[in-house]
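Atoms within a ligand are numbered from 1 in the order they appear, just like the ligands themselves. What you are looking at is a predicted structure, and each value in this text was computed from that prediction instead of being measured.
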Amino acid sequence: MNFDLTPEQAQLRDAVRALGRRYGHDYFVTKAKAGEHTTELWDEAGRLGYLGVNIPTEYGGGGGGITELAIVCEELAAAGCPLLLLVVSPAIAATVIARHGTEEQRKRYLPGFADGSLKVVFAITEPEAGSNFHRLGTVARRDGDDWLISGRKCYISGVDEASYVLVVARTEDATTGRLKPALFVVPTDAPGLTRSKLDMEIVSPENQFLLYLDDVRLPADALVGESLDAGLPALFAGLNPERITVAAMGAGTGRYAIERASEYTATRKVWGGRTIGSHQGVAHPLAHAAVQVELARLMIQKAATLYDAGRDLEAGVSGNMAKYAAGEAAALAVDTAVQVLGGAGMTTEYGVATLLGAVRAGRIAPVSREMILNFVAQHVLGQDKSY
Ligand SMILES: Cc1cc2nc3c(=O)[nH]c(=O)nc-3n(C[C@H](O)[C@H](O)[C@H](O)COP(=O)(O)OP(=O)(O)OC[C@H]3O[C@@H](n4cnc5c(N)ncnc54)[C@H](O)[C@@H]3O)c2cc1C
């Protein structure tokens with residue numbers, strides 16, 4: 001058992017931390033409030049190779065795994081820049097294409113993921129289906145060699161910044177007649193694809209959208225993989241990287257909040273010469289949050305290690321647990337930071353309340369805490385499926 005990063009991973013962590021700190025939370029919030037994107041940070045991270053750490057070297061990437069990408073996600077978040085697009089584009093979309101795309105698709109898309117010049121977002125959630133993906137209603141049907149896709153998706157992040165959206169649809173199996181999932185690479189400017197921005201109570205430079213697909217016509221090679229049989233494994237391929245990197249973002253956000261709060265409570269004095277941090281009523285909640293964040297980080301490390309070792313089933317359990325733990329720890333850390341900063345906690349200047357919406361969303365998306373508890377109850381504890 002080894003809890004140390006390799007020298008290369010430690011170097012990556014330090015370099016990403018330095019980059020994140022050069023931009024910082026003020027930059028992130030200013031962009032968000034202006035309705036702008038963090039393009040400069042994304043582009044610089046791409047040029048430095050941080051967005052492509054998990055892409056195979058033969059396509060221009062760093063040749064690392066989800067461990068490396070989780071380091072990037074955590075360190076940018078720990079610098080106050082939690083970028084959700086890291087989760088949808090390099091973690092989900094790039095993994096799906098690298099593992100289940102055709103060689104032609106890998107050649108076409110992976111170099112762009114490697115240098116960050118290509119952003120691909122991910123659309124599975126639908127208004128009617130919600131957490132129950134078996135009820136997906138977006139359907140792809142053949143029209144000659146082409147595909148025609150129709151349906152609706154909701155809460156899709158980053159569509160306005162992306163060139164493509166990886167859409168999960170259902171297709172009819174020619175032999176059984178049953179609908180089965182398939183993934184399609186859809187250009188965000190495809191005729192028939194329209195979007196409307198959702199107003200979210202999250203301070204973030206990344207936006208969520210409703211997507212409407214009305215007979216969107218796609219060529220045959222928009223289908224990810226060689227055949228319809230690639231659909232289900234391709235969909236599952238994205239889940240572990242998604243859970244692990246979103247957990248890493250949560251852990252980084254928790255670290256950021258605890259650091260801001262600790263700096264404040266170690267110097268703020270309102271009772272004579274004592275700092276407020278000397279009062280256990282202030283220090284213990286912060287210490288408790290720090291313990292929860294560190295525990296989540298351990299589970300993230302385990303999940304990423306299992307995933308990179310190709311142990312997908314075990315990574316599924318650890319990845320879900322990591323996502324649960326990090327989601328709860330991040331929400332606790334930010335809420336505690338706001339509390340110990342008092343009135344300053346609610347100001348924009350001190351940069352913690354600005355994360356309340358994001359960490360609250362982290363307990364719902366991309367998979368809710370309840371659905372993770374369902375998974376653990378069923379697959380770890382052997383309970384009957386409850387839904
Ligand atoms: C900020 C943000 C970004 C997002 N980005 C994306 C994206 O890029 N792409 C994408 O596809 N989706 C995205 N989503 C959607 C997200 O994945 C869903 O919101 C999430 O999966 C929950 O689905 P729902 O909102 O339909 O909730 P519902 O399924 O309606 O559930 C509502 C509540 O009921 C609970 N619940 C439902 N079923 C059960 C059950 N069987 N047992 C116990 N509790 C249950 C849920 O846990 C939840 O608390 C995003 C959401 C947010 C908030």
So the atoms of ligand 1 within less than 4.0 Å of a heavy atom of Ser368 turn out to be 46 (C), 47 (O)
One finds that the ligand 1 atoms under 4.0 Å from a non-hydrogen atom of Ile364 are 20 (C)
Test Asn320 against His379 for side chain to side chain donor-acceptor pair (under 3.5 Å), laying out the working first.
CA-CA 11 Å; Asn320 271 297; His379 297 285; over 6 Å; no
Does Arg369 qualify as a cation-pi partner of Tyr324, given the criterion of NZ or CZ under 6.0 Å from the six-membered ring centre and within 45 degrees of its axis?
no
Answer yes or no for Arg142 and Trp147: cation-pi contact, defined as NZ/CZ to six-membered ring centre under 6.0 Å and angle to ring axis within 45°.
yes
Evaluate the 4.0 Å heavy atom contact test for atom 30 (O) of ligand 1: does a protein atom fall under the cut-off?
no
Would one find an N or O of Met371, backbone or side chain, under 3.5 Å from an N or O of ligand 1?
no
Please report whether ligand 1 has a polar contact with Ile124, defined as an N or O pair separated by less than 3.5 Å (distance criterion only).
yes
Nearest candidate to [atom], where distance is taken over non-hydrogen atoms, out of [options]:
| atom | options | value |
| --- | --- | --- |
| atom 21 (O) of ligand 1 | Pro366, Ala361, Ser386 | Pro366 |
| atom 23 (O) of ligand 1 | Ser157, Ala129, Ser131 | Ser131 |
| atom 53 (C) of ligand 1 | Glu201, Lys153, Gln208, Met200 | Met200 |
| atom 13 (C) of ligand 1 | Phe133, Tyr387, Tyr155, Phe122 | Tyr155 |

Are any of the side-chain nitrogens in Arg152 or Glu128 under 4.0 Å away from the carboxylate oxygens of its partner?
yes
Do NZ/NE/NH1/NH2 and the carboxylate oxygens of Arg255 and Glu75 come within less than 4.0 Å?
yes
Taking side-chain contact (heavy atoms from CB on, under 4.5 Å) as the test, write out the residues that go with Ala32, two or more places apart.
Val203, Pro205
Could I get the full list of side-chain contact (heavy atoms from CB on, under 4.5 Å) partners for Thr125, not counting sequence neighbours?
Cys154, Tyr155
Is it true that Val121 lies under 4.0 Å from ligand 1, counting heavy atoms only?
no
Under a 4.0 Å heavy-atom limit, does Ile202 contact ligand 1 with its side chain, its backbone, both, or neither?
side chain
Report yes or no: does Asn240 contribute a side-chain atom to a donor-acceptor pair with the main-chain N or O of Gly319 at less than 3.5 Å?
no
